[in-house]
Each structure stands twice: as C-alpha cells, then as structure tokens.
S.K.: 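First the structure, then my questions, so here it is.
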Amino acid sequence: MSDSKDRFATRAIHAGQGADSATGATITPVYQTVTYTQDAIGENRGYEYSRTDNPTRHALEEALASLEGGRFGLAYGSGMAAIAGTMQLVKGGDHVVVADDLYGGSYRLFTEVLPQYGVRFSYADATRPEELAKAVEPTTRMVWIETPTNPMLRLVDVAACAEIARRQGALLVVDNTFATPLLQNPLALGAHVCVHSTTKYIGGHSDVLGGAVVVDDEEMAQKLRFTRNATGGIPGPWDAWLTLRGLKTLAVRMRQHQENAQRVAEFLLERPQVAAVHYPGLPDHPGHELARTQMHGFGGMVTVDLAGGEAAARVLCEGTRLFALGESLGGVESLIGYPWSMSHAAFPPEVKRAKGITEGTVRLSVGIEDAEDLCADLAQALGRT
Ligand SMILES: *Cc1c(COP(=O)(O)O)cnc(C)c1O
C-alpha cells in the first residue's frame, strides 16, 4: 500500500489498491455483487449492499482522495451525477454564485432543473474575482468555478475565489476536470469541494463514464454519502474498475498530452488560417502567469479561432483524419469539437459571444499520438479551408 508521502505517480498505482484482503489478488477485483452475506444479524464485514458501498468502488474512492490530497473521496456514475450530488449541499432559498464560463451540462442543471426546487443562481466573470464578489448575496451558500475554463481555457484564481467564499461563509466548489489532480489541487488552494468528470482524463480512454467528489471535511463527506445512498447515482463495479485502471497511468498520459498540446499550439500559431490560439502554456496567454503558480502544467486542451469563421471551422472539423469529430475530451485519442453547436449548444448566442466563443471557434483535445502526425493532420485539414 502507498503512504501519503509517496509522490503522485506512485499513489496513482498504489493508493487504495493494496492486495485484496480475501485472496491476495494484486489487482483490485471487480466485486460484481449486490449484497454481502452477513455473519449474523447486524454483523457484517463492512459491506451490506452495493449502492451503499462496494470494495471495487471503495478502492477507486481511496485513490481519488489520495490524488486530490483530500481526506474523503466519493465516486458517482457520471460527472453530472457528482455535480448533482454536490448540489444537494444547498437547499431551497439558498443562492449560488457561478462562474459564467461553465460546462454546458452544469449550466443546464443550474438553469433548468434546480431552480424548480427554489435554489437561485447568479453568474459572474470569475476571471475577475471582484466581479464574483459583487454577485454574492446574504443567502449565498456556494460559489462554483471551473479552471481552466471550457472552451476558452481562461484561468480563474482559486485562492482568491476561496477567500470570497470564506468571507461569506459559503462553500467554494471547483470542477477540476480540465486540469486533473496531477496539474491542480483545488483543496490545497482553499476550495472546500473538488469535483471531477472522471469520464475525461482520469478514465482517459473514452470507454467509461464516471464522476467524483473529494472533500476534507468529515461532516460534509457524511452528508454527501448519505444523499448519494438516498438518491443512488453510483458507478457499477466494472465502471469503477475501468476508471481505476485508467487512473494508474494518469501521470504518464498527462505529461504526453501536455507536451503534444504545447507543440500543437505553437504549430497553430504559425498558420495563416488561425486568428488566435488559446492555450495557457503560451507566454502571451492572459492566464499564463496564474497557470504557472496555480497549476503544475498547462493541460492538453487547445482552442483556436479561425479567420474564416463558420465555413472554415466546418472544413477543419470535418477534414481531419486523426482528430475525430466528437463530444468529450481527455482520452488518449485526439478529438476535435465545435463549441458553437456542440458542447455549448445550450448557451444562447449572445452568452456564447460574451464568453468569446464565435462561429470560428474550434476546440482540440490533443491526444497522445505522435505530435508530428497530429500537426500534419491539422495542416492538411487547414489547407482545405
Ligand atoms: C464532461 C464534463 C462534465 C460532465 O461529466 P459527465 O461524466 O459527462 O457526466 C462536467 N464538467 C466538465 C468540466 C466536463 O468536461
């Protein structure tokens, strides 16, 4: 078993993943069982029913908590289940301040579903924390941010937002999906709750949906566990196992994602068809300095604005050979997406424009193929625009 002083790559492989206590199996088994035979009424070996707890899921939760540097981890059936679970920390009458550069599914939950239960939301530009502070009201109980943001990859100062939340007695939640626990640890920066869609980099192979929440506070962890058990949004043992298997290679994958993303970003800067490249690893990116202090790397996502607008974006998205046109991100294979009508379809056009998303914006999830092949693929597709 690992100990908490081990470094990231070691914990990814060993935390929560000691030999199986029943058999000595080196790799955590898939405990494909609903129930657990009890030794006597009221006497069990720590497990009763798999919605409440399951050993495969438990191993994943220990590993996730360890990688985020938090005390308690909870796994969910998807990122949205993790987000919906986290939102059960607020109740009707509470107010939530949300960074306006936000995952489309979270936006849908916050605008279409939770207001029905009396939770109120305000949106602010979190890249300027003073704007976030202005949106705080007497009943604000939660502040919700993402960094780097999607798809414009802007940086939000987590410590500054934590201070705003703390002054109000509110919780700061950070959706850390884009950064991954290797590159950013929100709890260490003052956040109270860290959420992930493990579907993306943590799983890493685009073959399993999942979500996670990591917290330090025991009472909060108990509350989250209670509501997850009451509402049921858990991952099955196979999904937990696949996520755990993906997570073991997170450190090596992320290093390659970043190296490739930096190469692709620098390559795109030189192309005449490209009007702007958004990547925190570029020295003139507005969040570059903050990324250097707040993160341990710049990630694997690159967004470009094409000079030729929608027509050029269409040709690029449909003309790549290696970059597959599709939703999602963070897998070993490269993906290309068109935020205007794909990931950000739920936002009204004027909201998209205010965020900097245009009809010429294209988002790349740079995979871990050979970087030269990826650049050649983009060059040939841009050549058709
Ligand atoms: C994908 C994603 C989610 C939702 O996760 P699912 O696993 O698809 O439910 C939430 N936040 C961010 C930033 C994401 O990229």
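We use all heavy atoms of the structure for the numbers below, so side chains are in, but hydrogens, waters and symmetry mates are not. Every number for a ligand or one of its atoms is a count from 1 in the order of the listing.
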S.K.: Determine the minimum heavy-atom distance between Val302 and Val277, stating which atoms define it.
M.R.: CG1-CG1, 4.0 Å
S.K.: Looking only at protein heavy atoms, identify the closest one to atom 10 (C) of ligand 1 and say how far it is in Å.
M.R.: Tyr103 CD2, 3.4 Å
S.K.: So, does Gly210 sit close enough to ligand 1 that a heavy atom of it is under 4.0 Å from the ligand?
M.R.: yes
S.K.: Relative to the heavy atoms of Ser78, which atoms of ligand 1 are at a distance of less than 4.0 Å?
M.R.: 7 (O), 9 (O)
S.K.: Residues in side-chain contact (heavy atoms from CB on, under 4.5 Å) with Glu259, at least two apart?
M.R.: Gln256
S.K.: Any idea which protein heavy atom is nearest atom 14 (C) of ligand 1, and the distance to it?
M.R.: Lys200 NZ, 3.0 Å
S.K.: Testing Phe110, Tyr107, Phe347, Trp144 one by one against Tyr123 for a ring-ring contact (aromatic ring centres under 6.0 Å, His included), which residue passes?
M.R.: Tyr107
S.K.: For atom 9 (O) of ligand 1, what's the nearest protein heavy atom and its distance?
M.R.: Met80 N, 2.8 Å
S.K.: So is Ser197 polar-close to ligand 1, meaning N/O to N/O under 3.5 Å?
M.R.: yes
S.K.: Could you establish whether Thr198 and ligand 1 come within less than 4.0 Å of each other, counting only heavy atoms on the residue side?
M.R.: no
S.K.: Would you check the N or O atoms of Gly79, main chain and side chain alike, for any that come under 3.5 Å of an N or O of ligand 1?
M.R.: yes
S.K.: Could you tell me which atoms of ligand 1, counted from 1 in the order shown, lie closer than 4.0 angstrom to a heavy atom of Leu209?
M.R.: 7 (O), 8 (O)
S.K.: Kindly determine whether His196 and Tyr201 satisfy ring-ring contact (aromatic ring centres under 6.0 Å, His included), including the steps that lead there.
M.R.: CA-CA 10 Å; His196 280 282; Tyr201 287 106; over 10 Å; no
S.K.: Purely on distance, is any nitrogen or oxygen of Asp175 under 3.5 Å from one on ligand 1?
M.R.: yes
S.K.: Heavy-atom contacts with Phe178 under 4.0 Å: which atoms of ligand 1 show up? List them by number with element.
M.R.: 15 (O)
S.K.: Do the side chains of Glu359 and Arg353 get close enough for a salt bridge, i.e. N-O under 4.0 angstrom?
M.R.: yes
S.K.: For the residue pair Trp241 and Trp238, categorise the inter-ring angle as parallel (less than 30°), tilted (30 to 60°) or perpendicular (more than 60°).
M.R.: perpendicular
S.K.: Of all the non-hydrogen atoms in the protein, which one sits nearest to atom 7 (O) of ligand 1, and at what distance?
M.R.: Thr199 OG1, 2.6 Å
S.K.: Answer yes or no: does atom CD of Glu130 have more than 12 heavy-atom neighbours from other residues, nucleotides or ligands under 6.0 Å?
M.R.: yes
S.K.: Counting from 1, what ligand 1 atoms have a heavy atom of Ile83 closer than 4.0 Å?
M.R.: 10 (C)
S.K.: Considering non-hydrogen atoms only, spot the tightest contact between Ala170 and Met142 and give its length.
M.R.: CB-N, 3.7 Å
S.K.: As a test of understanding, state which of Thr127, Asp175, Asp101 forms a side-chain hydrogen bond (donor to acceptor under 3.5 Å, both in side chains) with Thr149.
M.R.: Asp101
